[in-house]
Amino acid sequence: MAGPNKCRRYEGRVCIITASTAGIGLGIARRLAQEGASVVISSRKEKNVNDAVAQLKKEGLEAFGVVCHVGSAEHRKKLIDETIQKYGKIDVFVSNAAVNPGVGPILDMAESQLDKILEINVKVSVLLVREAAPHIPSGGSIILISSITAFNPGAPLAMYAVSKTALLGLTRGLAAELAPNVRVNCVAPGIVPTHFASALVANEASKKAMEDQTLLKRLGTPEDIAGAVAFLASDDAAYVTGETVVVAGGTQSRL
Ligand SMILES: NC(=O)c1ccc[n+]([C@@H]2O[C@H](COP(=O)([O-])OP(=O)(O)OC[C@H]3O[C@@H](n4cnc5c(N)ncnc54)[C@H](O)[C@@H]3O)[C@@H](O)[C@H]2O)c1
């Protein structure tokens, strides 16, 4: 079933999206599936994976679930192996999982917090791409999810933001290594009121302050981010690689 999107750019394509049982990841999975993709849903908790897959199937979309804590080497391998067993290939890999174990100044972060941020947000992105890339045929595509905060890291999310700055460089580096066969691009969302961003929009006043920082006077939605991913990972973006697209409603100031 096509869903509300008329384009069918992903007919016959297989797309893995990490951390895709909620929020932006689920929005990306839904959009790619609405355009014809078979999507692989993954996240840490089996129930969440099963629920998300069931929901997408109820919407008439093709989805398959694999439990994957991206910090586990065994889980990363299982994600790729089970996708290949089920669908035989990977056309698009979206690295969406991220953590933010603490807020505050960079110099006040505990070493364990620094390790976690850099491990899950940066190192694991490399390891996932290393695992997936050999299975991606020519014409395939990789998308990293960064953040608007990447461009100007500051309180309260400074170290998280620095990890997202690293993804801008990683996008360029991986694009060069995987060219000309596989394109690598990045999307940098502004604030989207998911569970992840709940502290930033905890009350009406802070939500309004965040909305006012955008030119479009609203926060983003998972669908806004998914639209950019669906473009970048499709053949419509066949001549785009190594780039980052900011999807932030014209956000004006440091977040
Ligand atoms: N929400 C925002 O305002 C915002 C802004 C910029 C960038 N981002 C980025 O978008 C991406 C998705 O965030 P979201 O806002 O949709 O969050 P969310 O809280 O709605 O969803 C996060 C998902 O990540 C999963 N997850 C967390 N740690 C994981 C791990 N180790 N292994 C596997 N899954 C894991 C959770 O189970 C959940 O499904 C993240 O990379 C985040 O940094 C979000």
Side-chain angles (χ1 to χ4, degrees), residues 16-31 39-53 55-56 65-76 78-79 93-101 103 115-125 127-128 131 143-153 156-168 170-171 186-202 206-207 210-211 213-214 218-226 228-229 244-249 251 254-255:
I16 298 180
I17 306 98
T18 63
S20 47
T21 55
I24 291 169
L26 180 58
I28 294 168
R30 177 176 280 118
R31 172 64 188 260
V39 294
V40 180
I41 296 293
S42 73
S43 199
R44 290 166 295 183
K45 297 201 177 96
E46 188 169 13
K47 180 174 184 318
N48 293 348
V49 171
N50 291 343
D51 288 352
V53 168
Q55 178 58 40
L56 292 180
V66 182
V67 174
C68 176
H69 183 318
V70 295
S72 157
E74 191 192 324
H75 283 204
R76 291 192 296 271
K78 190 163 68 82
L79 176 63
F93 186 87
V94 182
S95 181
N96 173 66
V99 293
N100 181 36
V103 294
D115 284 344
K116 181 119 187 154
I117 289 176
L118 292 171
E119 185 198 343
I120 299 294
N121 298 2
V122 184
K123 187 176 90 174
V124 155
S125 301
L127 296 174
L128 281 165
E131 200 83 50
I143 306 286
L144 306 183
I145 303 297
S146 177
S147 165
I148 182 83
T149 61
F151 297 95
N152 200 359
L157 301 171
M159 193 59 214
Y160 158 84
V162 170
S163 74
K164 294 296 189 175
T165 314
L167 296 186
L168 309 181
L170 188 60
T171 301
C186 181
V187 172
I191 292 188
V192 179
T194 62
H195 177 67
F196 196 86
S198 52
L200 294 173
V201 291
S206 59
K207 180 165 175 275
M210 294 294 167
E211 287 169 349
Q213 285 183 16
T214 71
R218 70 171 178 86
L219 299 180
T221 64
E223 292 75 23
D224 290 325
I225 311 309
V229 172
T244 295
V245 172
V246 176
V247 185
T251 296
R254 167 189 278 196
L255 291 172

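What you see below is based on every heavy atom in this structure, not just the backbone, and it leaves out hydrogens, waters and symmetry mates. Counting starts at 1 for both ligands and their atoms, following the listed order. The model shown is predicted, which means the values in this text are computed figures rather than measured ones.
- Between the side chain of Thr149 and the backbone N or O of Pro153 there is no donor-acceptor pair closer than 3.5 Å.
- Ring orientation note: the planes of Tyr160 and Phe196 are tilted relative to one another, at an angle of 30° to 60°.
- Annotation: ligand 1 has protein neighbours Ala19, Thr21, Ala22, Gly23, Ile24, Ser43, Arg44, Cys68, His69, Val70, Asn96, Ala98, Ile145, Ser146, Ser147, Tyr160, Lys164, Pro189, Gly190, Ile191, Val192, Thr194, His195, Phe196, Ala197, each with a heavy atom less than 4.0 angstrom from the ligand.
- Here the side chain of Arg76 pairs a donor or acceptor atom with the backbone of Val70 at under 3.5 angstrom.
- Evaluation of the side-chain hydrogen bond (donor to acceptor under 3.5 Å, both in side chains) rule for Ser43 yields Thr21 as partners, not counting sequence neighbours.
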Problem set entry | Test log, rule salt bridge (charged side-chain N to carboxylate O under 4.0 Å, His left out), inputs Glu211 and Lys207 | CA-CA 6 Å; Glu211 287 169 349; Lys207 180 165 175 275; 3.2 Å; yes
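- Using modelled atom types, one side-chain atom of Asn121 and one backbone atom of Val99 make a donor-acceptor pair closer than 3.5 Å.
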